[in-house]
Amino acid sequence: MKMDLGRNLRGFCIGSLVILLLIGFAGITQPMGIMNYEIDTTHSMIIFRAKHNGVSYNYGRFNEFTGEIMISADRVIERTVEFEVKAASIDTGNKKRDQHLRSSDFFSAKQFPLITFKSTEVSEKEGKADILEVTGDLELHGVKKSITVDAQITGRAKGKDGESLIGFESTFTIKRSEFGMTYGMASVSDDIQITVSVEAVHK
């Protein structure tokens with residue numbers, strides 16, 4: 001009886017150890033395929049353009065933003081793209097105009113300090129190499145709308161310290177009136193073209 005009990009106990013311990021190892025390896029294997037990238041704001045840019053008086057394009061940028069992208073080495077797994085932009089960081093190269101853009105006539109930067117984007121779906125565009133179709137919620141001026149944009153993977157490389165780098169660029173157009181920004185429609189176009197160019201570093 002004592003011998004049988006010893007054998008059963010050893011068998012139970014060995015079986016439990018095998019199960020724990022399998023669980024442990026399963027837990028390790030899944031995250032290994034996923035890579036979190038943090039946007040390198042020094043080498044990234046968010047710019048926009050609006051038409052003035054139906055004649056010329058005026059350009060601007062946002063100087064302060066953060067973001068993360070979660071992907072695998074060869075395709076999007078977790079399908080996550082997130083941006084957070086400080087509205088008050090708008091910069092068109094003219095201080096007086098920038099102050100006006102921060103005011104309640106346009107961005108209402110004090111009331112709505114952040115412009116955010118969070119993806120709800122990311123997929124590879126059929127028949128288009130290195131093009132992703134990104135759908136997500138854009139929140140601007142207190143209004144949240146779902147938008148879909150194309151994002152091109154512009155490159156993959158290793159940094160000077162061996163870190164993994166990836167680049168994306170997307171150009172798309174929104175209507176500012178759909179986000180409650182209707183001031184000066186006679187002089188500033190409703191259509192606003194936005195370009196997001198990103199270099200991201202594996203964390």
Side-chain angles (χ1 to χ4, degrees), residues 37-70 80-120 122 125 130-155 165-201:
Y37 287 83
E38 187 173 284
I39 291 173
D40 175 2
T41 56
T42 302
H43 299 103
S44 302
M45 189 171 288
I46 300 175
I47 62 174
F48 62 89
R49 77 175 192 182
K51 205 165 195 180
H52 184 248
N53 287 332
V55 174
S56 62
Y57 288 109
N58 287 185
Y59 287 78
R61 57 178 284 176
F62 291 96
N63 293 327
E64 296 182 45
F65 56 91
T66 58
E68 289 188 353
I69 301 165
M70 186 177 288
T80 301
V81 179
E82 295 184 10
F83 275 91
E84 189 173 274
V85 182
K86 290 187 178 180
S89 72
I90 193 167
D91 181 358
T92 64
N94 183 286
K95 289 183 179 180
K96 187 175 180 180
R97 180 169 56 207
D98 293 344
Q99 288 172 355
H100 190 198
L101 288 170
R102 295 183 189 111
S103 75
S104 58
D105 285 344
F106 289 97
F107 283 91
S108 301
K110 288 185 178 179
Q111 185 179 0
F112 307 110
L114 294 178
I115 302 165
T116 61
F117 177 83
K118 186 171 184 178
S119 65
T120 54
V122 180
K125 190 134 184 163
D130 285 334
I131 301 289
L132 302 177
E133 192 170 79
V134 183
T135 298
D137 294 325
L138 173 65
E139 186 165 356
L140 167 62
H141 197 244
V143 179
K144 183 185 289 186
K145 291 185 67 68
S146 178
I147 64 171
T148 299
V149 304
D150 286 349
Q152 181 182 7
I153 300 175
T154 54
L165 307 175
I166 192 166
F168 293 91
E169 185 166 286
S170 178
T171 298
F172 56 95
T173 300
I174 64 170
K175 290 187 178 295
R176 64 186 179 97
S177 61
E178 293 182 351
F179 294 88
M181 299 174 65
T182 57
Y183 178 88
M185 298 293 283
S187 57
V188 180
S189 63
D190 191 15
D191 287 348
I192 307 297
Q193 181 179 286
I194 301 169
T195 297
V196 180
S197 182
V198 166
E199 182 174 313
V201 184

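Bear in mind that the values here come from a model prediction, so they are computed numbers and not experimental data.
- Of all non-hydrogen atoms in T80 and S119, the two that sit nearest each other are CA-OG, 3.3 Å.
- Note that R102 lies outside the cation-pi zone of F107, set by a 6.0 Å cut-off to the ring centre and a 45° limit from the axis.
- Listed by chain and number, the residues in a salt bridge (Lys or Arg N to Asp or Glu O under 4.0 Å) with D150 are K125 (sequence neighbours excluded).
- I166 has its side chain out of reach of T154: every pair of non-hydrogen atoms, C-beta onward, lies at least 4.5 Å apart.
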side-chain contact (heavy atoms from CB on, under 4.5 Å) between Q193 and I174, intermediate numbers included: CA-CA 7 Å; Q193 181 179 286; I174 64 170; over 6 Å; no
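- Here the side chains of V85 and T116 are not in contact, with every heavy-atom distance at 4.5 Å or above.
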Step by step, work out the side-chain contact (heavy atoms from CB on, under 4.5 Å) result for T92 and L101. CA-CA 9 Å; T92 64; L101 288 170; 3.7 Å; yes
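- Taking the six-membered ring for Trp and thresholds of 30 and 60 degrees, F106 and H100 have ring planes more than 60 degrees apart, a perpendicular arrangement.
- Between the side chain of N94 and the backbone N or O of K96, at least one donor-acceptor pair lies under 3.5 Å.
- Here the side chains of R49 and I192 are not in contact, with every heavy-atom distance at 4.5 Å or above.
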Show your working on side-chain contact (heavy atoms from CB on, under 4.5 Å) between T135 and I147 and close with a plain yes or no. CA-CA 6 Å; T135 298; I147 64 171; over 6 Å; no
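- Side chains of T173 and D191: no donor on one and acceptor on the other come within 3.5 Å.
- Counting heavy atoms from C-beta outward, K118 and L138 have side chains that stay 4.5 Å or more apart.
- The closest side-chain donor-acceptor pair between S197 and E169 falls under 3.5 angstrom.
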As a quick check of understanding, evaluate side-chain contact (heavy atoms from CB on, under 4.5 Å) for L132 and V81, giving each step before the final call. CA-CA 11 Å; L132 302 177; V81 179; over 6 Å; no
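- Listed for the S89 side chain is a donor-acceptor partner under 3.5 Å among the backbone atoms of E64.
- Every residue two or more places apart in sequence or in another chain that forms a side-chain hydrogen bond (donor to acceptor under 3.5 Å, both in side chains) with E68 is listed here: K203.
- Side-chain contact between L165 and E199 is present, with at least one heavy-atom pair separated by less than 4.5 Å.
- For the residue pair A87 and A109, the shortest heavy atom distance occurs at CB-CB, 4.2 Å.
- Partner of F62 under the side chain to side chain contact (heavy atoms under 4.5 Å, CB included) criterion, out of D91, V196, I90, I194: I90 alone.
- Classification of the F65-F83 ring pair by plane angle, with boundaries at 30° and 60°, yields tilted.
- Proximity of the aromatic rings of H141 and F179 is defined here by a centroid distance below 6.0 angstrom, and this criterion is not met.
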Return a table of donor-acceptor pairs under 3.5 angstrom between the side chains of residues 180-188 and protein atoms on other chains or two or more places apart.
residue: S187; atom: OG; partner: G184; partner atom: O; Å: 3.3

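- Between D137 and K145 there is no side-chain heavy-atom pair separated by less than 4.5 Å.
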